[in-house]
Amino acid sequence: MGATTENQEATKPMRVDLSGQIERITFTNPENGYTIAQLKVKGERRMVTVVGNLMEPMPGEVMEFQGRWKIHPKYGEQFEVEQYRTTMPSTVHGIKKYLGSGLIKGIGPVMAERIVGRFGRKTLDIIENRIERLTEIEGIGHKRIEMIKSAWDEQKEIRTVMMFLQSHQVSIGYAIKIFKTYGNRSIEIVTENPYQLATDIFGIGFLTADKIASNLGISKDSPLRIRAGILYVLNELSNDGHLYYPYDGLLNQSCKILEVGQDKVIEALDHIASEKKIVIEQEEKNGAADDPSSRAVYLARYHICETGTSYLLRRLINTPKSIRRIDPERAVKWVQGELDFTLADNQAQAVALAAEHKMMVITGGPGTGKTTIIRAVLKIFSQLNVQVLLAAPTGRAAKQMSEATGHSASTIHRMLSYNFHSGGFQKNEKNQLACDLLIVDEASMIDATLMYHLLKAVPPDATMILVGDVNQLPAVGPGNVLDDIIASRVVPVVRLNEIFRQAKESSIITNAHRINNGYMPEINPEDKQSDFYFIEQESPERVLEIILELASHRIPTRFGFNKTHDVQVLSPMHKGTVGTTNLNLELQKILNPSKEGVTYGHTVYHVNDKVMQIRNNYEKNVFNGDVGRITGINRETREVTIYFDGRPVIYDINDLDEVALAYAVSVHKSQGSEYPAVIMPVLTQHYMLLQRNLIYTGVTRGRRLVVLVGTKKALAIGVKNDKTQQRFTRLSQRLQGKAFQRYLP
């Protein structure tokens, strides 16, 4: 694949310079500055079409561009802008057009004609240096002069900011985001602390801010840089699931990444702790603080989430419940008669505990009867005339919960009524949920932040049941909430291990449990009715070919699945021949080929592409892991329409860094979803990621068909490796009542 990339780079048009005067604005998007304009180039009879992000361009402006020529399939030759700067028009015609464009509030076409008629080519110099002379023009008094001066200064500021940012190698797209965020303070903020960009503007991380800082002459050992770098390292570690990181480990990682000495990092740690951006705490033993090596460093927001979750859980457990007392034995006996089946021993135990306790956890793999327990509990509580809510972390999981139980279920975000414009979840400690019983499915997917917000909204006297599969991969976000609650032993836990008769007929389910117990799956290539297959192939290139053939032809033809919507490719990793990045490019070519599309970064998006949201966007009401389909691309407005669960969401092209192609997704991102058919490569090149819970999670995503492609050696490595990556959290210890004290520098 590397050769292809090099050839593409080799054939990419050369970057060239172009200058001229804007004659007409065909289109401009005020949100991102994307503009289509007609440019009059000296010596050229025809107009040149320029496209790109320009900050409030106006007819009459003279601009110097850097960019590349390209051929648009519909509109022909265009100049694609990469960088630009504005210069003042010098001809009478240009000045008249510039001032009459509406750029300067207080000057319209008629007034521009009068001013330029009086001052000619000196007009702009008059406005800049001797603006009081405009009173010589009929209709301009002191009030209008103030208006003109204010607008002129604002436009000058925009030009100055854009030129400043571009001169320090900030791309136009980022420059516009910066100006939209900070306005006239942009230069001041970027100069004083470019690292603030990484905090305030999505898409600009520490590494980009660090490049800008370097161009501004900020040294490697600047306290500003080191403080920002530590926060960057902690954020990266939280992306690996950690709520805190050991002090010594953080010290070493920060020194390595920032290339500075320990003394400077220690000083910076103390400083940002004093600013309450981080919390450094250590465990108390026998009433005294432990040695410094036990210190834990939290980002402040995650410390709030963990300590808050611990407090709220303990309060929930210890508050008397609103529901009148139920006799557990009678309830179990009654519900079996009502539902006309006999519960297994551990199912009956779970139902009894749900009737008796304020909070409990039910955990088990596929086919172990979790849904049956939920249905039985709902049946019992329906007789008590109480308020019941059902929820799950994702839309798909909520839909599956509704279908399985016959009761309405929603996503946790929707249940908590998130409102971007009102500043967060509308359901909280001041406006709690109206419920006596809350059942949350797929609880292993709930990260520390979401659990904290959920618990704030749960009435203390409510009963809460968490249902999930603790053997799956932990949540994508930081924390290990379900596992920590189970490990704390502060609430009753029922583990479901028995596979029921109907589920035993599925090789997917029986093999998932074999994998979870450390045994290789049973594979029978002669069984044409099986729902679980293994295709042995060692070469990554050949594995890729097989996956493409399976997804596009063999599986849809033989099993009747829709090749786009029903068949999902999962991969343990992002990089490599059969990583999600390359798989998506190759699957897109074969499943949704198109010559037209819209490019963002290295990806070309087409209509009908399957995409996934990769970050929470509360304003759009779409969340990390949501899968949608592109239904429209408007090249004039540079907007893309994506349907999520039948709801259209509009994306500006500059916002496409929030989505990714989803023909292939990582196993982590697939959590909470089920697909009719799953294909997953398993190769030794994934060695670092081959873990039992990853293989198990991937297999359990398939509802009717699972096909693994790779080597039995790689599969055996994954099945035998039950050493999951440790996530640093202290929720379990806090729930057990262990004490921690803050380290105050």
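Everything quoted here is computed from the prediction, not taken from an experiment.
- Looking only at atom types and distance, the side chain of E306 has no donor-acceptor partner in the side chain of Y244 under 3.5 Å away.
- Annotation for R396 and S673: closest pair CD-OG, 3.6 Å, computed over non-hydrogen atoms.
- Under the 3.5 Å distance criterion, with hydrogens and angles disregarded, a donor-acceptor pair is assigned to the side chains of D484 and T729.
- Shown here are the side-chain contact (heavy atoms from CB on, under 4.5 Å) partners of N621, two or more places apart in sequence or in another chain: R414, F623, R647.
- The two atoms that bring Y182 and L197 nearest to each other are CE1-CD2, 3.3 Å, heavy atoms only.
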Q | Evaluation steps, side chain to side chain contact (heavy atoms under 4.5 Å, CB included), between V494 and I373 | A | CA-CA 11 Å; V494 175; I373 295 169; 5.5 Å; no
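- Ring geometry, Y298 versus H303: the interplanar angle exceeds 60°, so the pair is classed perpendicular (tilted spans 30 to 60°).
- Taking a 6.0 Å sphere around CZ of R615, one finds it holds more than 12 heavy atoms contributed by other residues, nucleotides or ligands.
- Although no hydrogens or angles enter the test, the distance criterion places no donor-acceptor pair under 3.5 Å between the side chain of N516 and the main chain of A512.
- For the atom pair L656 CG and E658 CD, the distance stands at 9.0 Å (nearest 0.5 Å).
- Across every non-hydrogen atom of T641 and P648, the tightest pair is CG2-CB, 4.0 Å.
- Judged as a side-chain contact (heavy atoms from CB on, under 4.5 Å), and not counting sequence neighbours, the contacts of S322 are D436, D461.
- Aromatic ring pairs are classed by plane angle as parallel below 30°, tilted from 30° to 60° and perpendicular above 60°; the pair F425 and H453 is tilted.
- Proximity of Y696 to D469: side-chain heavy atoms (C-beta onward) are separated by under 4.5 Å at one or more points.
- When atom types are taken as modelled, the side chain of K277 and the backbone of L299 share no donor-acceptor pair closer than 3.5 angstrom.
- Here the rule is salt bridge (charged side-chain N to carboxylate O under 4.0 Å, His left out) with E674, and of R701, R704, R703 only R703 fits it.
- Checked against V678 for a side-chain contact (heavy atoms from CB on, under 4.5 Å), the options L570, V699, T700 give a single hit: L570.
- How far CZ of R629 is from NZ of K610: 11.5 Å, rounded to the nearest 0.5 Å.
- At a threshold of 4.5 Å between non-hydrogen side-chain atoms, the residues L482 and I446 do not count as touching.
- Atom CE of M451 and atom CG of L313 lie 6.5 Å apart (nearest 0.5 Å).
- Between the side chain of D447 and the backbone N or O of A475, no donor-acceptor pair lies under 3.5 Å.
- Under a 3.5 Å cut-off, the side chain of Q568 and the backbone N or O of D566 do not form any donor-acceptor pair.
- Rounding to the nearest 0.5 Å places CG of L250 at 7.5 Å from CD1 of I278.
- Counting all heavy atoms, side chain and backbone alike, A448 lies closest to L243 at CB-CD2, 3.6 Å.
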**Q.** Intermediate values then yes/no, side chain to side chain contact (heavy atoms under 4.5 Å, CB included), I439 and M401
**A.** CA-CA 10 Å; I439 303 177; M401 194 181 190; 3.9 Å; yes
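- When all heavy atoms of L316 and P459 are compared, the closest pair comes out as CD1-O, 3.6 Å.
- Cation-pi geometry between R734 and F740 is met: under 6.0 angstrom from the ring centre, within 45 degrees of the axis.
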Without placing hydrogens or testing angles, list every side-chain donor-acceptor pair under 3.5 Å for residues 342-356, not counting sequence neighbours.
from : atom 1 : to   : atom 2 : distance (Å)
Q347 : OE1    : A344 : N      : 3.0
Q347 : NE2    : G369 : O      : 3.3

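- For the pair T371 (side chain) and A404 (backbone), a donor-acceptor distance under 3.5 Å is absent.
- In this structure, the side chains of H413 and L450 come closer than 4.5 Å at one or more pairs of heavy atoms.
- Taking a 6.0 Å sphere around CG of D645, one finds it holds 12 or fewer heavy atoms contributed by other residues, nucleotides or ligands.
- Contact annotation: the side chain of V470 approaches that of R495 to within less than 4.5 Å [non-hydrogen atoms, C-beta and beyond].
- Side-chain N or O atoms of K620 include one that pairs as donor or acceptor with a backbone N or O of I650 at under 3.5 Å.
- Formation of a donor-acceptor pair under 3.5 Å by the Q432 side chain with backbone atoms of K456 is found in this model.
- Looking at S310, its side chain never comes within 3.5 Å of a backbone N or O of T307 through a donor-acceptor pair.
- A 4.5 Å side-chain heavy-atom check between I280 and V297 finds at least one atom pair inside the cut-off.
- You'll find the side chain of L416 reaches within 4.5 Å of the side chain of L433, heavy atoms only.
- Side-chain contact check for Q671 versus E442: every heavy-atom pair is 4.5 Å or farther apart.
- Surrounding CZ of F341 are more than 12 heavy atoms belonging to other residues, nucleotides or ligands, all under 6.0 Å away.
- Proximity of a side-chain donor or acceptor of K358 to a complementary backbone N or O of T319 within less than 3.5 Å is detected.
- Here the CG atom belonging to N235 is positioned 11.5 Å from the CG atom belonging to D240, to the nearest 0.5 angstrom.
- At least one donor-acceptor pair under 3.5 Å links the side chain of R314 to the backbone N or O of L735.
- With a 4.5 Å cut-off on side-chain heavy atoms, L378 and L390 count as touching.
- Partner E281 forms a salt bridge (charged side-chain N to carboxylate O under 4.0 Å, His left out) with one of R730, R742, K738 and no other, that one being R730.
- Judged purely by distance below 3.5 Å, without hydrogens or angles, the side chains of Q613 and Y651 pair a donor atom with an acceptor atom.
- Considering I614, I642, I630 as possible partners of V659, the one that fulfils the side-chain contact (heavy atoms from CB on, under 4.5 Å) test is I642.
- Here the OG1 atom belonging to T181 is positioned 7.0 Å from the CG atom belonging to D200, to the nearest 0.5 angstrom.
- Listed here is the closest heavy atom pair of K427 and M415: CG-O, 3.7 Å.
- The number of heavy-atom neighbours closer than 6.0 Å to CZ of R185, taken from other residues, nucleotides and ligands shown, is 12 or below.
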Q: Start with the C-alpha distance between L438 and L454, add both sets of side-chain angles, then the distance that settles side chain to side chain contact (heavy atoms under 4.5 Å, CB included), and finish with yes or no.
A: CA-CA 11 Å; L438 172 63; L454 173 61; 4.0 Å; yes
(Q) Assess the residue pair Q282 and Q741 against the criterion (side chain to side chain contact (heavy atoms under 4.5 Å, CB included)); give the C-alpha distance rounded to whole Å, side-chain angles, the decisive distance to 0.1 Å, and a yes or no. (A) CA-CA 6 Å; Q282 54 194 46; Q741 73 167 25; 4.2 Å; yes
